[in-house]
Amino acid sequence: MSNYHIKHLEEYFQVYRKSVRNPEGFWEEVAEEHFHWRKKWDTVLEWDFSKPEISWFKGAKLNITENCIDRHLRIRGDKTAILFEPNDPNEEAEHITYNQLHERVCKYANVLKDQGVKKGDRVVVYLPMIPDLAIAILACARIGAIHSVVFAGFSSTALSTRINDCGAKMVLTSDGSYRGKKIIDLKAIVDEALESCPDVKTVLVTKRTGGEVTMKEGRDIWVQPLLDKAYLDCVPEIMDAEDPLFILYTSGSTGRPKGMVHTTGGYMVYTAYSFKNVFQYREEDVYWCTADIGWITGHSYIVYGPLANGATTVMFEGVPSYPDFGRFWEVVQKHKVTQFYTAPTAIRALAKQNLDFVTDYDLSSLKVLGTVGEPINEEAWHWYNDHVGDKKCPIVDTWWQTETGGILISPIPFSTPTKPTYATLPLPGIQPALMDETGEEIKGNQVDGRLCIKFPWPSIARTIWGNHQRYKDTYFSAFEGKYFTGDGALRDEVGYYRITGRVDDVIIVSGHNLGTAPIEDAINEHPAVAESAIVGFPHDIKGNALYGYIILKETGEDRNRDNLKKEINELITDHIGPIAKLDKIQFTEGLPKTRSGKIMRRILRKIASKDTANLGDTSTLLNPEVVESIIKESL
Ligand code: 6R9
């Protein structure tokens, strides 16, 4: 029996049982057999969820890029590692072999070193989906610098907040980026962000669009001339298994984003293991995940997981609608993609289009389809299954989070029978629990509750950068001794899990997690706004859209409402980015509040989704009368 590669259901159950009976033994075997360590660990696992402290493979030494690149060179040096598909279908795709990737990462690493970057330094990466993005983060890992990728669709304010939070002295970016028909001036956004980041000393700029940019002397440098001169080999920095590999920010339910810290050894083992099994990856496959590397899905399942397995991973610069809605399928046909991994929001958008966009292409290379980011509705699941997978490709509905580092609940294709809208069963080593509101675990099947995980797995985030207390409060305080995910879930009669959505103040719009607090903060900056509350409401394509309830100051009462709406959305775009714009805005006199002054979002959510018949008990509110008037105004 192989622990590493599960091939049928019986084997899954055997491996799963073993992984729960003896997690240390299980992960030790996986780590021993499939990775290159410079030194083995002293202990496999030490943990205490009450502190919380977690360490995997303590004492072990490694460099993750040796595992993702160097060790493949002898057997698959000429195999394509990264297959870059540009935004413009007429621009040629680029096949970067493992040999070439090695050289490019080493050169980039040497450039970083020449610029003074050292082990442990934070480097913020604000690059579009071009090869330099993957190369830059691997270069950081090569020399032990901690990368923090900021999604290149975020605004300058979001960028500067993250740069300052992690204390980066260097930013990597490009002149601009292509997204469909649009060109975005990334460098200009960086320039604006850096006005409030005094500690940033160096900006390395990749040329992509050739657009005009301002280069600040003594700070901004074109990276290509440096790469041309750089030496083509770079001795990897030897890291401790528990040294941080990267920081990735995710929205929280209050104020500032949380810089989730992932470490080296456990993250590598878990992303590689889960990639192999969830996608049933085989040597000759061409795997494509459409996420952006600015999100955890891109980190774990475009870069680290696939490369650790010596896979060919597609990196796509464009969008699903350009030049038309057939683009995904054109790319699948062109590169004979075998595994395709995308988000429900993309599936819903494509399902709305004429079916010809799909049927025009030969999708027979596909073997496995994946989805991630939010619950997938039944209709979208069937469309994906029938029209993309031709009913032959198992759909892996993969549930996980930035915090978990890798996929925790998912079918294993060709082993686990799938069920629409269900993420199905936990992967080996994952011990889920459903909790009731009193903090008791709900045993048995056909139950629902709050989803927790009872035991650590190798890729769990170890802390929030600079704020361990917040890490403890957010994830380990709601239910004693357990990691709380923030999601609700149900377990059906055979033990399959279905994720029902967030139970906290995070709203998922088109697969992006948005905290309500930062959006409300942005709105409240408007001089005419007194107070605001944001909730999500169901949206055909985005999954959820944002609905804002806004109380104006007396001075704002006379203002033109349409102009106000426009200005409010502009503020949100500036502070967070266009993804957080409100679809609906309702100006209102008051907001329903509890006696302790907390906004009752539950009620606002119901009104926003026009489900006002059953509002529950509103008598405990401080101001029950306000509910009636909000309903009237919303009609
Ligand atoms: C990987 C990623 C995490 C949140 C998570 C949950 C939602 C992700 C899901 C899903 C239902 C799935 N989510 N996958 N909900 N079914 N298959 O998306 O990380 O951006 O941190 O979002 O996304 O609510 O808690 P992240």
Side-chain angles (χ1 to χ4, degrees), residues 149-151 153-154 246-253 257-262 267 270-271 274-275 278 289-305 341-348 369-378 380-381 384 395-411 416 418-427 430 432 448 450-453 459-461 464 474-475 478 483-490 496-516 536 542-544 579-580:
V149 183
V150 177
F151 171 57
F154 271 146
F246 65 86
I247 302 169
L248 186 62
Y249 285 87
T250 184
S251 312
S253 52
K258 297 172 287 193
M260 304 313 306
V261 177
H262 282 286
Y267 177 83
Y270 194 82
T271 54
S274 51
F275 173 76
V278 170
C289 165
T290 69
D292 192 290
I293 294 176
W295 312 117
I296 191 69
T297 306
H299 280 61
S300 303
Y301 299 111
I302 295 178
V303 182
Y304 289 111
Y341 189 28
T342 195
T345 183
I347 299 168
R348 286 191 297 264
L369 301 175
T371 120
V372 60
E374 57 184 314
I376 181 164
N377 48 307
E378 192 134 2
W381 195 97
Y384 201 27
I395 294 178
V396 290
D397 179 349
T398 64
W399 173 83
W400 59 296
Q401 314 177 291
T402 304
E403 295 85 339
T404 69
I407 296 166
L408 299 196
I409 305 182
S410 168
T416 321
T418 61
K419 176 173 176 183
T421 77
Y422 281 75
T424 75
L425 297 172
L427 293 192
I430 307 306
D448 65 83
R450 288 160 188 242
L451 179 62
C452 287
I453 313 288
S459 65
I460 183 174
I464 291 175
T474 312
Y475 304 107
Y483 167 80
F484 175 46
T485 65
D487 283 324
L490 62 81
Y496 274 16
Y497 288 87
R498 176 187 186 168
I499 312 301
T500 47
R502 305 287 309 187
V503 294
D504 58 11
D505 292 339
V506 174
I507 306 170
I508 303 193
V509 178
S510 300
H512 302 305
N513 293 15
L514 300 172
T516 51
K542 302 180 188 178
N544 293 294
I579 48 174

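Side-chain atoms are counted along with the backbone in the values below, which use heavy atoms only and exclude waters and symmetry mates. Atoms within a ligand are numbered from 1 in the order they appear, just like the ligands themselves.
Side-chain contact check for S410 and T398: no donor-acceptor pair (N or O, by modelled atom type) lies under 3.5 Å. For Y267 and S300, the side-chain atoms include at least one donor-acceptor pair closer than 3.5 Å.
Inter-residue side-chain proximity for Y422 and L490 is flagged as met; some heavy-atom pair is nearer than 4.5 Å. Contact annotation: the side chain of R498 never approaches that of D397 to less than 4.5 Å [non-hydrogen atoms, C-beta and beyond].
By the side-chain contact (heavy atoms from CB on, under 4.5 Å) test, P375 pairs with no residue at all, sequence neighbours left out.
For a heavy-atom separation below 4.0 Å, the residues in contact with ligand 1 are I296, T297, V372, G373, E374, P375, D397, T398, W399, W400, Q401, T402, D487, I499, R502, I508, N513.
The residues E374 and R348 are annotated as salt-bridged, a charged nitrogen and a carboxylate oxygen being separated by less than 4.0 angstrom.
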